2 protein chains.
Amino acid sequence: MSDKQPISHRRRQLITGGAALAVTGLGAAIAKPVSAACVPAEEIKFDEFVDVIVVGSGFAGMSAALQAREAGASVMVVDKMPVFGGNSTINGGAMAVAGSPLQEQNGIKDSVDTMVADMLEAGRGMNDVEMLKLVCNGTAESCQWLTDYGVKWKPFVQHFGGHSIPRVLQTVESSGAGIIRPLVKAAKKRGIDMRTQTKLESFIEDDNGRITGIEVKANYFFPKERSGVTRRYGARKGVIMATGGFGRDIEYRKMQQPKLTKELDSTNHPGANADALKQMMLIGANPIHLDQIQLGPWASPDEKGFGTASQFNTIATYPRGIVVDARTGKRFFNELADRKARADAIMTRRDAQGQPVYPIGFTNAEGASKAQTLDWGLKYNVIKKADTLEELAKIYGIPADALKAQVASWNKAVDTGEDSEFGRPMQKAMKLEQGPWYAVRMWPKVHYCMGGVKVNTRSEVLHLVTYKPIAGLYAAGEATGGIHGASRLGACAVAEGVVTGRNAGQMCAASKSIVLKHV
Amino acid sequence: MSDKQPISHRRRQLITGGAALAVTGLGAAIAKPVSAACVPAEEIKFDEFVDVIVVGSGFAGMSAALQAREAGASVMVVDKMPVFGGNSTINGGAMAVAGSPLQEQNGIKDSVDTMVADMLEAGRGMNDVEMLKLVCNGTAESCQWLTDYGVKWKPFVQHFGGHSIPRVLQTVESSGAGIIRPLVKAAKKRGIDMRTQTKLESFIEDDNGRITGIEVKANYFFPKERSGVTRRYGARKGVIMATGGFGRDIEYRKMQQPKLTKELDSTNHPGANADALKQMMLIGANPIHLDQIQLGPWASPDEKGFGTASQFNTIATYPRGIVVDARTGKRFFNELADRKARADAIMTRRDAQGQPVYPIGFTNAEGASKAQTLDWGLKYNVIKKADTLEELAKIYGIPADALKAQVASWNKAVDTGEDSEFGRPMQKAMKLEQGPWYAVRMWPKVHYCMGGVKVNTRSEVLHLVTYKPIAGLYAAGEATGGIHGASRLGACAVAEGVVTGRNAGQMCAASKSIVLKHV
């Protein structure tokens with residue numbers, strides 16, 4: 001059907017008014033003659049083409065690009081932002097791996113089935129089990145694959161909330177940049193055509209409904225929707241969508257979850273909107289779990305975005321400390337529960353007017369020893385230091401005696417090895433015996449979209465009506481929906497991105513090429 | 001864009017193979033020339049046209065049709081099934097009304113705000129508040145409107161689970177047929193063109209992206225997807241989609257909720273599939289909350305579909321009895337909680353192998369006095385009678401002493417007016433003092449889709465990208481998404497269907513007409 005459909009959609013947007021320009025920026029469409037909607041596929045010309053086009057350059061996109069290149073395909077990676085990596089570069093760089101050498105060295109027994117079971121429990125059974133198995137099954141090998149590309153891991157295994165055992169590796173940089181940087185370097189070295197400021201506008205299909213390429217805005221300056229020039233890039237083998245989630249798309253996320261207003265901050269980068277998801281839906285992609293939007297339970301209201309507290313809480317206060325209600329000094333949830341359970345618990349702390357009463361998470365010097373963002377957090381006054389519990393109580397207006405009583409009963413619980421109140425797993429629990437204490441105020445932030453388009457285990461995007469693949473269209477990572485069900489476990493985004501990205505790259509590169517024409 | 005889009009989708013379905021035929025039945029499309037995809041809008045011809053086409057003939061569809069007719073529009077109602085009414089005719093005929101004369105007579109204080117608050121709480125705050133207000137605000141007047149069309153109500157107000165007060169009116173027939181029948185009769189009398197066995201295949205749009213009509217299969221025999229002949233019906237003012245939910249579309253519901261397999265029965269009629277929803281999505285309708293699928297907590301595994309137990313439990317065991325675990329004889333949840341809370345609680349009752357252990361709901365003769373399906377339930381052996389608690393315990397293998405102890409403590413709770421264990425509201429609680437006892441085994445069934453397409457308060461379907469109305473396309477009732485959030489309260493489907501249906505009929509009839517051509 002040539003590019004009738006996207007162009008027709010453009011026309012509708014123009015007709016239905018200005019919002020379209022604001023939302024999807026189709027200024028250039030005005031120039032398009034309506035008759036273009038009837039250009040026969042055989043007359044479609046492309047400015048350039050390659051075998052595989054990857055849209056997005058995060059964990060999924062870079063893994064797809066390199067894997068396709070390894071398979072001998074010519075590859076182009078386009079990213080609408082001025083830098084590569086999207087959310088992946090500002091994420092914590094933690095990857096859940098089932099059966100890593102480090103686990104073995106530390107005598108931690110793990111298996112693909114155990115990781116699947118953990119993710120199923122967090123996902124409330126809503127997970128796409130076939131895709132879940134594909135991800136967990138690929139973690140160990142993909143971790144090695146990353147290492148071969150130069151990713152460096154910390155020498156210890158971490159126990160993240162919701163996981164039944166320590167399973168999490170983390171880059172030495174404590175950041176996803178420790179993964180993205182070497183992958184981008186390798187991609188350029190291997191001749192992958194890497195382009196920033198190139199925004200997907202719509203898909204191009206042939207008469208068989210096969211995706212043959214994309215229409216983009218080159219030299220696009222986010223978020224200037226009128227910037228850039230229109231170009232058509234052809235893909236002989238296919239287009240891989242690694243376009244992430246829509247955590248920063250306030251209007252769109254509010255339609256699914258009215259509580260996620262602009263008052264609620266997000267850990268995502270500004271480009272994390274629903275534009276690419278919508279373009280996939282407009283050509284019949286099947287959306288799954290769009291209203292399953294995860295809040296990060298480790299964030300602080302005292303800084304913007306992911307910040308310093310997220311890593312501090314993940315490594316220090318949650319596994320090696322406790323979280324208390326500032327009004328009572330008492331714990332009120334299992335600090336090692338999955339993200340949804342923790343975020344839901346924290347957001348119950350409100351005053352009579354419904355305003356947040358930020359809970360306090362804290363640990364001591366020993367508990368904070370491995371948190372690399374501690375110094376920055378202290379510098380920016382997000383993390384506060386107190387020599388005694390009295391002082392800590394004073395800083396946050398917590399009743400001092402109640403706080404001391406809570407710490408005492410916590411230490412008793414560690415002795416008995418049982419948290420009778422909230423059922424927290426106590427294997428790795430640490431007694432809180434002496435200061436200095438390090439603490440943060442906590443409130444969740446919009447972090448991850450469990451929802452996205454439905455794919456099969458070949459990473460092909462399935463059509464809403466036929467449930468068959470949309471020929472030439474693949475998707476990986478956060479852009480897909482269903483793998484995590486109702487709640488993604490920590491460190492499973494890197495695992496998903498890398499494993500499904502590589503899978504998409506492999507499948508797309510192995511697919512049959514079609515012949516495309518130059519302008 | 002004339003009908004390019006639907007035709008292009010048909011072609012994709014044909015190319016991607018047989019499933020398409022099975023899923024959407026596009027056999028006739030084979031005959032269509034590909035070039036038809038480029039028929040200019042001005043050349044589109046219709047076999048027939050009217051001002052307003054309503055797709056679906058349940059509460060929403062019939063209300064929309066009559067309201068549009070009252071406004072002077074010519075109206076056609078198409079339904080793919082051989083009978084009118086869809087799920088509405090097999091529903092319980094219960095309507096939540098905020099501020100009914102019957103409430104006043106019984107000294108029950110209610111308000112639109114109270115009903116909104118109740119529905120928001122059940123919806124977990126995910127509700128579209130503007131639409132919610134529109135619905136609650138319209139209930140009293142719409143109830144009178146139904147009465148004027150000949151609907152007859154029982155002379156008492158009922159207290160359904162999740163509602164903070166008694167608010168529910170019910171037809172004397174205890175069935176939605178008590179609403180559909182008079183509305184269909186009135187429609188025919190007023191010259192509305194009523195057609196069964198007419199299945200929506202796709203939409204027809206003009207060059208401006210305005211919906212100008214629908215392509216249907218006339219003389220269609222559900223579920224024979226190859227049956228029927230293709231016709232094009234034009235709508236000068238618009239098309240109103242009142243196509244309900246997809247509770248019986250096992251493949252589609254499983255994609256959103258993998259646990260809702262074919263093993264789980266549904267209260268819906270066989271035609272309740274996602275075909276119409278998908279056609280709306282293919283032209284850019286914005287899907288909301290598709291994974292929010294409600295299970296009816298009052299159903300019994302001992303009969304198919306809605307059956308006799310649903311009404312019996314709603315009227316008898318839930319408000320005037322208790323529900324116990326068959327293994328312990330003990331209550332385990334608040335029998336007046338919202339549907340989601342009750343269904344979730346019931347489905348926790350499983351054996352070591354994860355197989356259901358059906359809980360037992362029961363009351364006595366006094367409690368069952370108003371349940372009209374009691375006799376049928378007894379006849380079909382779904383409801384069982386026991387003269388003593390010992391006999392009741394024997395029938396279901398409940399420990400007799402434990403059951404008697406539970407009944408005793410329940411009666412004490414009624415005396416104190418407090419359910420300290422599960423926080424059930426006790427205003428209308430009834431003591432269980434003497435037999436005969438009437439009981440059923442309980443297990444939830446797929447009942448209602450909270451999800452659907454996003455509409456504004458003019459009942460216009462909003463486009464995914466522009467967030468502006470898709471010109472000429474309206475939707476009402478279960479086909480829309482967001483009003484109920486995570487969980488719909490009982491008796492709010494009739495309220496939603498009638499109020500939003502009338503709203504859509506009014507708005508569509510008041511819209512500007514366009515000129516259409518005959519064949």
Side-chain angles (χ1 to χ4, degrees), chain A residues 1 4-5 7-9 11-17 19-20 23-24 26 34 37-38 40 124-129 205 207-210 251-252 255-259 274-275 278-279 281-284 286-292 451 454 462-471 482 485-486, chain B residues 1 4-5 7-9 11-13 15-17 19-20 23-24 26 34 37-38 40 124-129 205 207-210 251-252 255-259 274-275 277-279 281-284 286-292 451 454 462-471 482 485-486:
Chain A
M1 52 187 274
K4 277 190 301 297
Q5 191 169 11
I7 284 172
S8 66
H9 280 291
R11 277 167 33 225
R12 181 181 299 132
Q13 291 151 23
L14 290 172
I15 284 138
T16 50
V23 178
T24 54
L26 298 159
V34 166
C38 282
R124 315 293 194 267
M126 283 169 61
N127 315 59
D128 179 334
V129 175
E205 299 180 326
D207 281 339
N208 303 330
R210 179 195 167 113
E251 275 315 301
Y252 190 69
M255 288 183 187
Q256 298 290 346
Q257 293 288 354
K259 288 175 177 172
D275 291 1
K278 290 169 176 177
Q279 287 304 315
M281 288 167 70
L282 289 179
I283 58 168
N286 188 2
I288 303 293
H289 297 170
L290 294 185
D291 58 5
Q292 303 294 334
K454 183 160 180 68
L462 301 180
H463 192 276
L464 173 69
V465 173
T466 65
Y467 302 158
K468 303 272 182 187
I470 296 173
Chain B
M1 51 186 278
K4 277 190 301 298
Q5 191 170 12
I7 284 173
S8 68
H9 281 291
R11 278 166 34 229
R12 180 182 298 130
Q13 292 151 22
I15 284 140
T16 51
V23 177
T24 54
L26 299 158
V34 166
C38 284
R124 314 295 193 266
M126 282 170 60
N127 315 57
D128 179 333
V129 175
E205 299 179 330
D207 280 339
N208 304 330
R210 178 192 165 113
E251 274 315 301
Y252 190 69
M255 288 184 187
Q256 298 290 346
Q257 292 288 355
K259 287 176 176 171
D275 291 1
L277 168 66
K278 290 170 177 177
Q279 287 304 315
M281 287 168 71
L282 288 179
I283 57 167
N286 189 1
I288 302 293
H289 298 169
L290 294 185
D291 58 5
Q292 303 295 334
K454 183 161 180 66
L462 300 180
H463 191 277
L464 173 69
V465 173
T466 64
Y467 302 158
K468 304 271 181 185
I470 297 174

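A, B, ... follow the sequence lines: proteins, then strands. Residue 1 opens every chain. Only a predicted model underlies this, so the values are computations on that prediction, with no experimental measurement involved.
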### Query
With no hydrogens and no angle check, is any side-chain donor or acceptor of A:Q257 less than 3.5 Å from a backbone partner on B:G125?
no
### Query
Do you know which of B:Q256, B:K454, B:Q292 has the most heavy-atom pairs with chain A at a distance under 4.5 angstrom?
B:Q256
### Query
Nearest heavy-atom pair of B:V465 and A:K278: which atoms, and what distance?
CG2-CB, 4.0 Å
### Message
For a 4.5 angstrom cut-off between non-hydrogen side-chain atoms, does A:H463 reach B:L282?
### Response
yes
### Query
How many angstroms lie between atom CG of A:N286 and atom CG of B:L290, to the nearest 0.5 angstrom?
8.5 Å
### Summary
When the 4.5 angstrom heavy-atom criterion is applied to A:N127 and chain B, the contacting part is backbone
### Summary
Taken to the nearest 0.5 Å, the spacing of A:H289 NE2 from B:H289 NE2 works out to 13.0 Å
